[in-house]
Amino acid sequence: MYQRALTKNTLFYGDNLDILRQYVAAESIDLIYLDPPFNSNRNYNVLYKEESGSESTSQIKAFEDTWHWNRETEEQYRALVARGAKLGTLLEALVSVNGRNQMTAYLVMMAIRLVELHRVLKPTGSLYLHCDPTASHYLKLVLDCLFEPKNYRNEVVWKRTSAHSDANNYGRIHDVILYYAKSEKFIWNKQVMRYEEKYLATHYRYVDEHGKRYDTVAMHAAGGNTLVRLFRGKELLPPPGTHWRFSQEKIDEMATKDLLVYGSKDYPRYKKYLDEDSGVPLQTIFSDISPINSQAAERLGYPTQKPLALLERIIQASSNPGDVILDPFCGCGTAVHAAQKLGRIWVGIDITPLATTLIKSRLYSAFKLEAKKDYDLLGEPVTLDDAKHLAQQDRYQFQWWALGLLPAYPYGGQGDSKQGKKGADKGIDGIMTFRDSGEAEKRIIVQVKSGKVSSRDLRDLSGTIEREKNAVLGVFITLEPPSRNMELEVLEIGPWRSTVWQKDYPKIQILTIEQLLNGAKVQFPGTDTTLKQAQREEPNLGEQKPLL
């Protein structure tokens, strides 16, 4: 483990603080986007309630996105204060005023990571911190200490929904994205956004014989030289106090191309076509990118999933093809997906197997990328002993990691907002799907066991398959080797036959963790393992999409 410039797509499983310190070299990243977890829906009285600091260290897990003041927080806080400088002074003041609570714990955990993120960022690089108004004002102070106020570029507001009903409050419908550059020399590619239909209806209201929309624009502008110009063979002065905007040569060219129109006062105007307009320059309010709704094609079921278009916009604006993009809280991998699509090198870090499982499945579905073959995968268990250790630590994390070996989506990953939650799962831990040629999509039910197993587990799985709509196969993943009776039970349950392929497949397939680590695969019709797929993508190397 050593710091180095990462020149290959890399997905890390682990604590981003440790990974940044151990693996990522100083000034090696071109663009950082982070959307750290924070439970802003909690009551302010809870967020600011004093905490004892005596509880044991706990890692941030998927969807349990509240930070607590514990022993680790206290140690990091004291280390930051001991560093001195502006950041230490700021944190000491905030803790003195607000106390040791969830809000200040969040700020300490973020501050120590932002120190490392600032270190790894190139002098020409930028950082985008996605948050909500609950903590954005505090985070801005932290960023000012690290980046200096002169390198603050914008506070971008993303309007994530049209309306929200909040009792006794104004509806909260936006997130904040704090944008900082490392220095005054930073990468910036001007972006434009689509015109709203209301604007188009009033400004591009004409349509020519070819069906192309256009507006008419005055040939004159205020002030300047009042020289005459020839229009339709006649000399014409501009209106009083104005000048002609174009040379005679340009005017003649417009006339030849039939781009001039004349009003009642004989003053000419020229046609400005919509397809020649680059659009309105991007402003600090993003109101044209919708959130991930329940019917969106890109929806993977991850509650905090951000729209792909939002990350594409940020990456296009502040990086170039071939640059290195880092997301240290990569969740379901939207930034990773956008970076791959736009021809950038990406580095993703997340502390939950649930996240890495979703990202592996997403990269395969969208780009046919496989872990270890097409990108580096570091930090996940690679041996049977590693797997046993993870199972002893947290059986739910083990379950999510094991699903990623297939890969399968965690149950609920196809639209259930409670995906990844502990609780009743109806005997289903994960889902795979496939199409038996042109027939309707069929499901493969996946169960994961980290403890003792028996033939009864297989009979339960068989019953689950019979109960679930469109389910035809079952995969039983076990950490312990199956017994002889379990193998006989599989034979007794029998096969499922594909009417299209005219082939039998074991209705229940037992796969051990050891077999999966050695490359074992699920048997089912076809060669393309399609889960709840991210849409198939083709790299576009960063070109903006057309306005219409």
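Position 1 is the first residue of the sequence, and the numbers go up from there.
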> With the side chain counted from C-beta on, respond yes when Gln509 and Ile444 share a heavy-atom pair under 4.5 Å apart, and no when they do not.
no
> Working to the nearest 0.5 angstrom, can you tell me the gap between Arg362 CZ and Phe367 CZ?
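Answer for the CZ-CZ pair, Arg362 versus Phe367, is 8.5 Å.
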> For side-chain contact (heavy atoms from CB on, under 4.5 Å), just list the numbers for Val522 and Leu511, CA-CA rounded to whole Å, side-chain angles, deciding distance to a tenth of an Å, and then say yes or no.
CA-CA 8 Å; Val522 181; Leu511 291 172; 4.0 Å; yes
> Of all heavy-atom pairs between Ile315 and Ala339, which one has the smallest distance, and what is that distance?
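Scanning both residues completely, I find the closest heavy atoms to be CD1-N, 3.7 Å.
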> Check step by step if side-chain contact (heavy atoms from CB on, under 4.5 Å) holds for Val324 and Leu326.
CA-CA 7 Å; Val324 182; Leu326 167 65; 5.8 Å; no
> For the pair Ser28 (side chain) and Leu6 (backbone), establish whether a donor and an acceptor sit closer than 3.5 Å, ignoring hydrogens and angles.
no
> Indicate yes or no: does Arg21 engage Asp15 in a salt bridge with an N to O separation below 4.0 Å.
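No, Arg21 and Asp15 are not salt-bridged.
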> To the nearest 0.5 Å, what is the distance between OH on Tyr128 and CG on Asp327?
14.0 Å
> Once the angle between the rings of Tyr23 and Phe12 is folded into 0 to 90°, is it parallel (under 30°), tilted (30 to 60°) or perpendicular (over 60°)?
tilted
> For Lys86, is the NZ atom crowded, meaning more than 12 foreign heavy atoms sit under 6.0 Å from it?
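No, because the 6.0 Å sphere around NZ of Lys86 holds 12 heavy atoms or fewer from other groups.
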> Quick test of your reading of the model: are Glu116 and Arg119 salt-bridged, counting only N-O distances below 4.0 Å?
yes
> Kindly give the heavy-atom pair with the smallest separation between Arg100 and Arg78, and that separation in Å.
NH2-NH2, 4.4 Å
> To check you understand the geometry: which heavy-atom pair defines the closest contact between Lys182 and Asn151, and what is its length?
O-ND2, 3.4 Å
> Is a donor on one side and an acceptor on the other found under 3.5 Å between the side chain of Ser361 and the backbone of Pro407?
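Between the backbone of Pro407 and the side chain of Ser361 there is no qualifying donor-acceptor contact (under 3.5 Å).
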> For a side-chain contact (heavy atoms from CB on, under 4.5 Å) check, start with the C-alpha distance between Ile431 and Ile445, then their side-chain angles and the critical distance, and finish with the verdict.
CA-CA 5 Å; Ile431 295 290; Ile445 305 299; 3.6 Å; yes
> Say whether, by atom type as modelled, one donor and one acceptor occur between the side chain of Glu480 and the main chain of Thr478 under 3.5 angstrom.
no
> May I ask you to test the Ile19-Leu378 pair for a side-chain heavy-atom distance under 4.5 Å?
no
> So Tyr180 and Phe147, would you call those rings parallel, tilted or perpendicular, with 30° and 60° as cut-offs?
tilted
> To the nearest 0.5 Å, how far apart are OG in Ser450 and NZ in Lys388?
12.0 Å
> I would like to know whether Asn320 and Ile187 meet side-chain contact (heavy atoms from CB on, under 4.5 Å); could you show each step before the answer?
CA-CA 8 Å; Asn320 296 315; Ile187 297 171; 3.9 Å; yes
> Verify the neighbour count for atom CG of Leu384: are there more than 12 heavy atoms of other residues, nucleotides or ligands below 6.0 Å?
yes
> Out of curiosity, Trp401 CH2 to Leu516 CG, how far, rounded to the nearest 0.5 Å?
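It is 8.0 Å, given to the nearest 0.5 Å.
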> Minimum heavy-atom separation for Leu178 and Ser136, please, with both atom names.
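So the two residues come closest at CD1-O, 3.8 Å.
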> Considering non-hydrogen atoms only, spot the tightest contact between Gly99 and Thr104 and give its length.
O-OG1, 2.8 Å
> Testing Glu74, Met109, Met103 for side chain to side chain contact (heavy atoms under 4.5 Å, CB included) with Trp69, which one passes?
Glu74
> Sequence neighbours left out, what passes ring pair (Phe, Tyr, Trp, His ring centres under 6.0 Å) with Tyr375? Give chain and number order.
Trp346
> If you count the non-hydrogen atoms of other residues, nucleotides and ligands that lie under 6.0 Å from CD in Gln76, is the total more than 12?
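For Gln76, atom CD is crowded (more than 12 foreign heavy atoms under 6.0 Å).
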> Taking Ser319's backbone N and O only, do any of them form a donor-acceptor pair with Arg344's side chain (distance below 3.5 Å, no angle check)?
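Here the side-chain-to-backbone pair exists.
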> In Å and rounded to the nearest 0.5 Å, what is the CG to CG distance from Asp374 to Leu369?
5.0 Å
> Can you see whether Thr383 engages Asp385 through a side-chain donor-acceptor pair at a distance of less than 3.5 angstrom?
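Their side chains do not contain a donor-acceptor pair, so the 3.5 Å distance test is not met.
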> Once you round to the nearest 0.5 Å, how far does CG of Leu127 lie from CD1 of Ile29?
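Nearest 0.5 Å value for the CG-CD1 distance: 11.5 Å.
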> Give a yes or no on whether a salt bridge exists between Asp288 and Arg313, defined as a side-chain N under 4.0 angstrom from a carboxylate O.
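Looking at Asp288 and Arg313, the cut-off is met.
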> Could you tell me which non-hydrogen atom of Arg153 sits nearest to which non-hydrogen atom of Ala181, and how far apart they are?
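Looking at all heavy atoms of both residues, the shortest contact is CG-N, 3.8 Å.
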> Within a strict 4.5 Å, meaning less than it, do heavy atoms of the Leu146 and Leu87 side chains meet?
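Yes, at least one pair of side-chain atoms sits under 4.5 Å.
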> Who passes side chain to side chain donor-acceptor pair (under 3.5 Å) against Lys122, sequence neighbours left out?
Asp30
